Amino acid sequence: MPVAVRAAAEARAGRMVWLREMLHFVRDPARTVMSLFHPLLFLCILGIGLSGLVPGEGYEAFLFPGVLVMAAQAPAISVGVSIVWDRQMGFLREMLVAPVARSTLVAGKCLGGATMATCTGGVVLAFAGVAGLPYDPLLFALLLAQLALASLTMTALASLVAVAVRRAQTCNTVLGVLVTPMVFLSGMMFPVSAMPPWMAAAAMANPLTYVLDAMRRTIAAASPGHAASSLFEPLTLGARQLPVALEMLLVAGFALAALAAAGAFFSRSDE
Amino acid sequence: MTEAAIRAVDVHKTYRGRGGTAAVRGIDLHVRQGEAFGFLGPNGAGKTSTVAMMCTLTAPTRGRIEVAGHDTVAAAPRVRRSIGVIFQESTLDGELTAEENLRFHGELYALPGAAAAARTRELLGLVGLADRGRGLVRTFSGGMRRRLEIARGLMHRPRVLFLDEPTVGLDPNSRAGVWEHLREVRAREDTTLFLTTHYLEEAEECDRIAIMDAGRIVAEGTPAGLKTAVGADRIELRTGDDPAAARALRDRLGVEAETPAAGGVLVRSGDGAALVPRLCAALDVQVHAVTVTRPTLDEVFLHHTGHRIRADGAGEHPADPVGTAR
């Protein structure tokens, strides 16, 4: 079969896998509503509560990118669960016996999860006013793009875990254990500059740290009032600041590597 | 067409771990295009492993398999385009509608959109689900799901349709329904059927069967041929005068007739039903009843393996009384 025809067939298959995730998403709105509860609690209670303790203005704005990532986290992780679920319920075999590359199946699943996660985060983005952010279309577009990248990273990691760990219970545990430190060590609630060196080193190895930094710098650029706050000081590597574009590139590279690893793992596994 | 739909040569499968269990220990097989071929054996005989290898889901440890003329390892994508698979457990997405499940399949096999929509309507009609296309699959009964899976497996017009225990877990009514549709599929689509089963009556539906036990094929042939090889039909006559009848049959037809202590006259023959009219014509004494009993596949199975196919399977699903004529 010519390469172009093959590629078109793979693209259609990947799109259909994505579409299936979307159909599940829109048919279960209760799940989305429930997953919004947790991040909004963080924003409205933790954010407002801690803002009195933190000197200076804008702790809610500082926390806001983390709340967005948190909203995206549950749907992103659910991709891993859904792969294990598909295996358990048998639907995975329908996909495995089809003339489609396994990496295409993983990619479709991950893009589906990333779309769900970005949409969920997008709902939380509407609460930007609570954090004192301006309703600026460009700011929203940039934040959504960054959120989409964070979502893809988390889904790729979740699917990697799901194809490597086949037992449903083990997979859920591993995902839970993996994700909590990722969120804690991303500078979500306190800046990396306030961390002791060992913790800061762990944070610098975490792709979410770079996403959050990029989001804060985007917020600071759109809302100069926040730029002055010490909370919004950009991340530094040694003495140098990384350009936002480079940060996004790093995260994208990480996401693609995780995706490729998941695809390879999936292709190698017998059955 | 006499081309081989499936050709297996010296196929072995040993699983790593679990002490290196040998599930399949050397299978040679030749299934013709358009044929319905059954793999009969108890659970754990290696049927599912064999199907998994034929469907490219796992590679043989030794030997090679060709399906629709393509090697299952070297040309797995080509094999996948040529086959439809219906697994033992349901592999439908309950949260999607019947049409969406078929659409998913059509997209994965890159069927042209308009053709896929027409095929969806055609197949839903074929399996009797034309009015349930928009229903969520999780609301379907077991029999409806099975029929939908058959429709889905046929979406891309496969040359070979694999069915792993197609009616396990279904009630007799749904089972009959599934077979009615499978017969129709064969008639209309000229698809080769390869099925595994531990139900004897399902094996009777096949043109040829192979009996599998402990990873090996122990017998192969048509269901009738296998039964004939094992033993002759039993013809039992109830007559007004049994000894006279036995004597008459010996003298006039030259057939061996016994008169068991329990009464009646017993005759053995390769084709019992065909002999009945001649028997009756040769007798002067009054004949009250004639019963022809053919050997069952269960007896064939017992003959080749030394054990019955499965105590529990037989209980829930008694051997087909198709061989009994009155």
Side-chain angles (χ1 to χ4, degrees), chain A residues 1-31 78 81-83 85-109 112 116 166-167 266-271, chain B residues 13 15-17 48-49 51-61 70 72 75-97 99-113 116 136-138 145 149 152-153 155-156 158 162 164:
Chain A
M1 207 187 270
V3 177
V5 177
R6 270 283 311 273
E10 294 287 339
R12 267 184 79 182
R15 190 186 151 273
M16 189 66 224
V17 174
W18 172 85
L19 186 63
R20 172 172 174 252
E21 298 302 309
M22 291 302 104
L23 288 171
H24 286 176
F25 181 53
V26 299
R27 279 182 197 165
D28 191 6
R31 194 178 60 168
S78 76
V81 178
S82 109
I83 289 176
W85 190 247
D86 278 348
R87 188 187 292 283
Q88 207 127 318
M89 297 305 289
F91 192 80
L92 195 66
R93 306 190 99 188
E94 151 77 356
M95 297 193 263
L96 292 184
V97 83
V100 177
R102 292 190 177 184
S103 44
T104 302
L105 301 175
V106 174
K109 274 261 172 200
M116 290 193 287
R166 287 159 160 236
R167 286 188 53 201
F266 200 30
S267 308
R268 232 188 36 198
S269 62
D270 212 22
E271 222 252 54
Chain B
K13 180 68 187 179
Y15 288 103
R16 281 166 294 165
T48 298
S49 293
V51 171
M53 287 189 277
M54 290 175 173
C55 299
T56 77
L57 282 178
T58 181
T61 316
H70 306 295
T72 54
R78 283 170 183 275
V79 171
R80 289 175 184 195
R81 266 187 285 276
S82 318
I83 62 170
V85 190
I86 291 151
F87 293 101
Q88 190 168 343
E89 74 281 19
S90 169
T91 61
L92 294 165
D93 185 341
E95 297 304 317
L96 299 186
T97 65
E99 278 176 5
E100 284 164 349
N101 268 286
L102 296 188
R103 179 174 167 208
F104 186 94
H105 191 90
E107 291 288 314
L108 256 63
Y109 287 75
L111 305 184
L136 280 182
V137 169
R138 70 173 144 84
R145 281 166 186 249
E149 286 189 293
R152 184 178 68 178
M155 273 294 280
H156 57 289
F162 288 94
D164 193 7

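By convention in this document, chain letters (A, B, ...) are assigned in the order of the sequence lines, proteins followed by strands, and residues within each chain are numbered from 1. Computed from heavy atoms alone, side chains included, the values below leave out hydrogens, waters and symmetry copies. Here the structure is a predicted model, which means the values were calculated and not measured.
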Does Phe91(A) reach the side chain of Asn101(B), with side-chain heavy atoms less than 4.5 Å apart?
yes
Mind checking whether Glu95(B) and Leu23(A) have side chains closer than 4.5 Å, heavy atoms only?
no
[X], part contacting chain A, at a heavy-atom distance under 4.5 Å:
| X | result |
| --- | --- |
| Leu136(B) | side chain |
| Phe87(B) | side chain |
| His105(B) | both |
| Arg103(B) | both |
| Glu89(B) | side chain |

Working to the nearest 0.5 angstrom, can you tell me the gap between Glu94(A) CD and Leu92(B) CG?
8.0 Å
Using 0.5 Å steps for rounding, measure from the CZ atom of Arg93(A) to the CG atom of Asp164(B).
8.0 Å
Of the non-hydrogen atoms in [X] and [Y], which two are nearest, and what is the gap between them?
| X | Y | value |
| --- | --- | --- |
| Val100(A) | Leu108(B) | CG2-O, 3.3 Å |
| Arg27(A) | Leu96(B) | NH1-CA, 3.7 Å |
| Tyr109(B) | Pro99(A) | CE2-CD, 3.2 Å |
| Leu96(A) | Arg80(B) | O-NH1, 3.0 Å |

At a heavy-atom distance under 4.5 Å, which candidate from Ala98(A), Gly14(A), Ala8(A), Ala13(A) has the highest pair count against chain B?
Ala98(A)
Need one label for Leu19(A): side chain, backbone, both or neither, based on atoms under 4.5 Å from any heavy atom in chain B.
side chain
In terms of side-chain geometry, is the basic nitrogen of Glu100(B) or Arg20(A) positioned less than 4.0 Å from the acidic oxygen of its partner?
no
